[in-house]
Amino acid sequence: MKLTRRDFLLKGTAMFATLGLGGFLFTETGKSILAGGFAVDVDEPVLVVVQLSGGNDGINTLIPYGQGVYYDSRPTLSFQQKDVLALDNQVGLHPSLAGLAALYKLGKMAVVQGVGYPGPDHSHFRSMEIWQTAEPAKLSRSGWLARYAESSLRDSSNPLRAVQIGGSGSKAFASEKLSFPVIQSLEAYHLIDPKTAMMDKNRITKAFLEMYGAQNQLEQLRVVSGRGYEAYKSVEAIQALAATYANKVEYPKTNFARDLQLVSKLLAGKSGTRVFNVQIGGFDDHADEKAQHARVLTQVDEGLTAFYKDLEAQGLQDRVVVMMFSEFGRRVKENGSGGTDHGTAAPMFVIGGKVNGGLYGSYPSLSNLDNGDLKYEVDFRSVYSTLIDKWLKGDAAAVLSKSYEYLKFI
């Protein structure tokens, strides 16, 4: 039966709807290289980067309940000492972070206080770009995770060496040399009717390769054709990974938890992925912060707690480290709308079985401010450098262009 353009679009879209362009997973014979003896480094350390988009209020996440100025500056947003999940006699976690507080007490979570960079920017777009490129002083066309892959994973032929989970991609993976898959879901790869799957696959394959497999003379068309061809070749191998995952932990019914479970599924399928990037939004709290911040922090806490339990159930907790950040913190004083405005320094969190838990750095002064903003104590590139060199065994100097002080959480 002839495959019409409409058939191709409908059935082809079902196959490719959840996978971003990139990731060459098939040999020329169509055999999945991950399912057919392709060697992946399944015992290597893994980094999961979690991005809190919108500017998380670090002061109400790691609460300086031991400082009176905190209560003076936030008459309606502050938390009473009895409600704070104390880490020591000065700081504690937001009441919604009970799961992370438990990991901290087990020594599995490090909190890096007062993280920022020189000349902070209050723009969401520019500040996130700075964190994703690790270039505060100039515009960069490449992301820090991409540069890590280019320098430290350049000998790996594994197309899943670095993966964006959910979202529409991150500039952290911006690269002119490599492409990185954006994976939304594994379940969507079962959309094709199994009764006609082989016939449809053969016909779609033929049509797709005729469209994208040609050697175009124009450079722009060669790039588009190559990326489309790679996207096609990614589908079957990704689908095969889902079958190896045994669901031993109940995850919350949130998009963030779903994305973290997808990371776990890929690791269980021995994808060989070294770096994952995950994001959750909802942190731009200019008004009515107390309820909104509690709601989204609960999603973070429940998702990460389930993810860590899942890693433990699979025996992977010592192979995986989670690093969590936001593009900036919030100002010390609350505004007139029951919220906080764009600020600067904020805490970062590092979680994992091999993490040396505890507090690192100093909490920024709430009174000695820079035009109402906290002065940072730790450069975020010190955290990146520590993770690249000490955890991923990579080359931080190649990624960050200079050396930064190591922290001892790894």
Side-chain angles (χ1 to χ4, degrees), residues 50-79 84 87 90-97 111-137 279-297 300 323-349 359-384:
V50 173
Q51 170 182 311
L52 308 180
S53 299
N56 178 44
D57 182 4
I59 295 173
N60 263 17
T61 301
L62 182 66
I63 300 172
Y65 73 91
Q67 298 188 46
V69 67
Y70 166 68
Y71 295 97
D72 296 337
S73 301
R74 298 184 169 208
T76 67
L77 289 183
S78 59
F79 286 89
V84 175
L87 303 185
Q90 289 295 312
V91 300
L93 295 178
H94 188 285
S96 296
L97 298 176
V111 183
V112 187
Q113 305 176 95
V115 184
Y117 56 88
D121 197 292
H122 291 88
S123 159
H124 287 293
F125 178 80
R126 176 58 186 148
S127 191
M128 186 59 76
E129 182 178 56
I130 287 170
W131 281 81
Q132 292 176 346
T133 64
E135 292 284 6
Q279 55 191 311
I280 176 175
F283 289 92
D284 198 13
D285 298 318
H286 289 283
D288 303 321
E289 177 180 319
K290 205 151 194 178
Q292 166 68 6
H293 198 220
R295 182 186 66 79
V296 73
L297 283 183
V300 170
M323 181 201 79
M324 184 163 63
F325 78 98
S326 190
E327 69 263 38
F328 48 63
R330 316 296 287 194
R331 294 172 73 85
V332 175
K333 290 188 176 182
E334 65 179 68
N335 61 31
S337 301
T340 51
D341 298 322
H342 297 181
T344 53
M348 293 178 69
F349 300 85
L359 293 170
Y360 293 83
S362 301
Y363 206 104
S365 171
L366 299 185
S367 55
N368 181 17
L369 303 176
D370 180 9
N371 193 29
D373 287 328
L374 298 176
K375 297 178 181 179
Y376 82 97
E377 298 288 338
V378 177
D379 193 302
F380 75 93
R381 290 164 292 185
S382 286
V383 180
Y384 287 8

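When atom types are taken as modelled, the side chain of Glu377 and the backbone of Val115 share no donor-acceptor pair closer than 3.5 angstrom. Under the 3.5 Å distance criterion, the side-chain polar atoms of Glu289 are left unmatched by any main-chain donor or acceptor of Leu77. Under the 3.5 Å distance criterion, the side-chain polar atoms of Ser127 are matched with a main-chain donor or acceptor of Glu327.
Two residues are said to be in side-chain contact when any heavy atoms from C-beta on lie closer than 4.5 Å; Leu62 and Leu87 meet this criterion. When side chains are defined from C-beta on, Val296 does not count as touching Ser96, because their heavy atoms never get closer than 4.5 Å. Residues Leu369 and Leu374 have side chains in contact (heavy-atom distance under 4.5 Å, counting atoms from C-beta outward). Residues Asp57 and Arg74 meet the side-chain proximity criterion, which asks for heavy atoms closer than 4.5 Å. Residues Ser365 and Lys375 form no side-chain contact, since every pair of their non-hydrogen atoms from C-beta on lies 4.5 Å or further apart. Considering only heavy atoms from C-beta on, Gln51 comes within 4.5 Å of Met128 through its side chain. Phe283 places none of its side-chain heavy atoms less than 4.5 Å from the side chain of Thr61. Contact of the Thr340 side chain with the Arg331 side chain is not registered, since no non-hydrogen atoms from C-beta on lie closer than 4.5 Å.
In this structure, CG in Asp284 is found 9.5 Å from CD in Gln292, a value given to the nearest 0.5 Å. With values rounded to the nearest 0.5 angstrom, Leu52 atom CG is found 10.0 Å from Met348 atom CE. In this structure, His124 NE2 and Ser326 OG are separated by 9.0 Å, a value rounded to the nearest 0.5 Å. Here the CD-CG distance, from Gln113 to Leu359, works out to 4.5 Å after rounding to the nearest 0.5 Å. Expressed to the nearest 0.5 Å, how far CD1 of Ile59 lies from CD of Glu334 amounts to 11.5 Å. Distance check, rounded to the nearest 0.5 Å: CD of Gln90 to OG of Ser362 gives 11.5 Å.
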Apply the test side-chain hydrogen bond (donor to acceptor under 3.5 Å, both in side chains) to residues Asp370 and Thr344: give CA-CA distance (whole Å), side-chain angles for both, the deciding distance (0.1 Å), then the verdict. CA-CA 10 Å; Asp370 180 9; Thr344 53; over 6 Å; no
After noting the C-alpha distance and the side-chain angles of His286 and His342, does the key distance pass the side chain to side chain contact (heavy atoms under 4.5 Å, CB included) rule? CA-CA 8 Å; His286 289 283; His342 297 181; 3.1 Å; yes
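Taking every heavy atom of both residues into account, Tyr117 and Pro136 meet most closely at CD1-CB, 3.7 Å. A pairwise comparison of heavy atoms in Val111 and Pro347 identifies CG1-CB, 4.2 Å as the closest pair. Taking both residues in full, the closest heavy atoms of Pro75 and Asp72 are given as CD-O, 3.9 Å, listed atom of the first, atom of the second, then distance. Nearest approach of Gln67 to Pro364, heavy atoms of both residues: NE2-O, 4.4 Å. Nearest approach of Gly58 to Tyr363, heavy atoms of both residues: O-OH, 4.1 Å. When all heavy atoms are compared, the tightest approach of Val91 to Pro64 is CG1-CA, 4.1 Å.
For the ring pair (Phe, Tyr, Trp, His ring centres under 6.0 Å) with Phe380, the lone residue among Trp131, Phe325, Phe328 that qualifies is Trp131.
Arg330 has no carboxylate O lying under 4.0 Å from a charged side-chain N of Asp341, or vice versa, which leaves the two without a salt bridge.
At most 12 heavy atoms of other shown residues, nucleotides or ligands fall within 6.0 angstrom of atom NZ in Lys333.
The ring-ring contact (aromatic ring centres under 6.0 Å, His included) test applied to His94 returns Phe79, His293, not counting sequence neighbours.
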